[in-house]
Amino acid sequence: DTGVSQNPRHKITKRGQNVTFRCDPISEHNRLYWYRQTLGQGPEFLTYFQNEAQLEKSRLLSDRFSAERPKGSFSTLEIQRTEQGDSAMYLCASSSDRRKLFFGSGTQLSVL
Amino acid sequence: DQQVKQNSPSLSVQEGRISILNCDYTNSMFDYFLWYKKYPAEGPTFLISISSIKDKNEDGRFTVFLNKSAKHLSLHIVPSQPGDSAVYFCAASGQKLVFGKGTKLTVNP
């Protein structure tokens with residue numbers, strides 16, 4: 001399978017706990033994006049990497065959120081001190097240009 | 001400030017008929033437009049796209065039309081099939097991809 005891979009598919013956590021998600025992009029893609037989707041909304045941009053450099057962060061990404069892409073390969077998204085409002089599907093996408101993004105299956109986060 | 005708008009949350013059509021999904025945008029700097037299809041608990045899947053220098057792009061049963069003066073695009077599916085039932089997102093590309101809220105299409109057998 002050469003698509004975008006995200007793990008875990010589902011995560012249930014208690015409020016206040018830290019969680020980390022992983023994304024493995026399509027190998028030849030140098031751009032990697034994180035989006036968040038809540039019920040009834042479209043995907044909302046969180047952050048974007050070109051190779052290992054994080055080039056843009058949305059104001060949706062509070063100080064509790066941090067993303068990394070060491071060595072320009074896989075990426076991780078960490079949420080510290082989770083809140084119930086963080087419950088959403090977190091989507092990773094990769095691309096070779098800024099236009100067509102290829103998405104993974106997402107990580108569904110539920111904060112109790 | 002919603003730059004990409006899909007004003008119909010849902011659409012229901014009969015199998016074999018045409019499905020028309022609409023999308024409006026506000027930012028004239030967008031130069032590339034895409035439609036994605038999404039099933040529950042899955043990520044969006046690319047369907048079809050169009051550059052701002054064109055007004056039509058066709059791929060099998062799917063055609064996207066772009067009216068730049070009206071800042072409007074539409075997706076036509078002909079003929080519609082039950083397997084087309086999903087949420088369809090319109091997206092526009094400037095510096096990054098901006099999505100609408102989606103339209104849930106139901107194709108009834």
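Residue numbers begin at 1 in each chain, while the letters A, B, ... track the order of the sequences. What you see below is based on every heavy atom in this structure, not just the backbone, and it leaves out hydrogens, waters and symmetry mates.
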Could you look at [X] and say if it's the side chain, the backbone, both or neither that has a heavy atom under 4.5 Å from chain B?
| X | result |
| --- | --- |
| Gln6(A) | neither |
| Tyr48(A) | neither |
| Leu91(A) | side chain |
| Gln108(A) | neither |

* Pairs of heavy atoms under 4.5 Å with chain A: top-ranked of Ala91(B), Ala92(B), Gly94(B) ->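 Winner by heavy-atom pair count: Gly94(B).
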* Measure the spacing between NZ of Lys5(B) and OH of Tyr25(B) and express it to the nearest 0.5 Å. =>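 Going from NZ on Lys5(B) over to OH on Tyr25(B), the span is 13.5 Å.
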* Kindly compute the distance separating CD (Glu68(A)) from CG (Leu77(A)), expressed to the nearest 0.5 Å. => 10.5 Å
* Asked: Counting a contact as any heavy-atom pair under 4.5 Å apart, which residues of residues 80-90 of chain A contact chain B?
  -> Met89(A)
* Among residues 10-40 of chain A, which residues come closer than 4.5 Å to chain B, judged by heavy atom distances? -> Tyr35(A), Gln37(A), Gly40(A)
Please find the pair of heavy atoms, one from [X] and one from [Y], that lie closest to each other, and give the distance.
| X | Y | answer |
| --- | --- | --- |
| Glu52(A) | Phe49(A) | O-CD2, 3.8 Å |
| Tyr39(B) | Gly83(B) | OH-O, 3.0 Å |
| Ala67(A) | Thr47(A) | CB-CG2, 4.0 Å |
| Lys57(A) | Phe45(A) | C-CE2, 4.4 Å |

* Asked: Leu97(B) versus chain A, heavy atoms under 4.5 Å apart: side chain, backbone, both or neither?
  ->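 Contact with chain A: backbone and side chain both.
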* Part of Tyr36(B) within contact of chain A (heavy atom distance under 4.5 Å) ->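 Interface part for Tyr36(B): side chain.
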* Does the pair Leu109(A) and Ile79(A) meet the rule for a side chain to side chain contact (heavy atoms under 4.5 Å, CB included), with working shown? -> CA-CA 11 Å; Leu109(A) 173 66; Ile79(A) 309 174; 3.9 Å; yes
* **Reference residue Cys90(B); test side chain to side chain contact (heavy atoms under 4.5 Å, CB included); the match among Val98(B), Val4(B), Leu34(B), Asn22(B)** =>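 Going through the options one by one, the only one that passes is Val4(B).
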Student check: side-chain heavy atoms of [X] and [Y] closer than 4.5 Å:
| X | Y | answer |
| --- | --- | --- |
| Asp84(B) | Val13(B) | no |
| Gln2(B) | Thr26(B) | no |
| Tyr88(B) | Leu11(B) | no |

* For chain A, which residues from residues 42-76 of chain B lie under 4.5 Å away (heavy-atom distances)? ->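 Glu42(B), Gly43(B), Pro44(B), Phe46(B), listed by number.
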* Residues from residues 100-109 of chain B approaching chain A under 4.5 Å (heavy atoms) -> Gly100(B), Lys101(B)
* Look only at the side chain of Ser93(B) and the backbone of Phe33(B), and say whether a donor-acceptor pair between them is shorter than 3.5 Å. => no
* Asked: Are Leu60(A) and Phe103(A) connected in the hydrophobic side-chain network, where two residues link if heavy atoms are under 4.5 Å apart?
  ->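 In one cluster with Leu60(A): Phe103(A), no.
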* Steps toward side chain to side chain contact (heavy atoms under 4.5 Å, CB included) verdict (Phe99(B), Gln41(A)) -> CA-CA 9 Å; Phe99(B) 286 83; Gln41(A) 301 294 321; over 6 Å; no
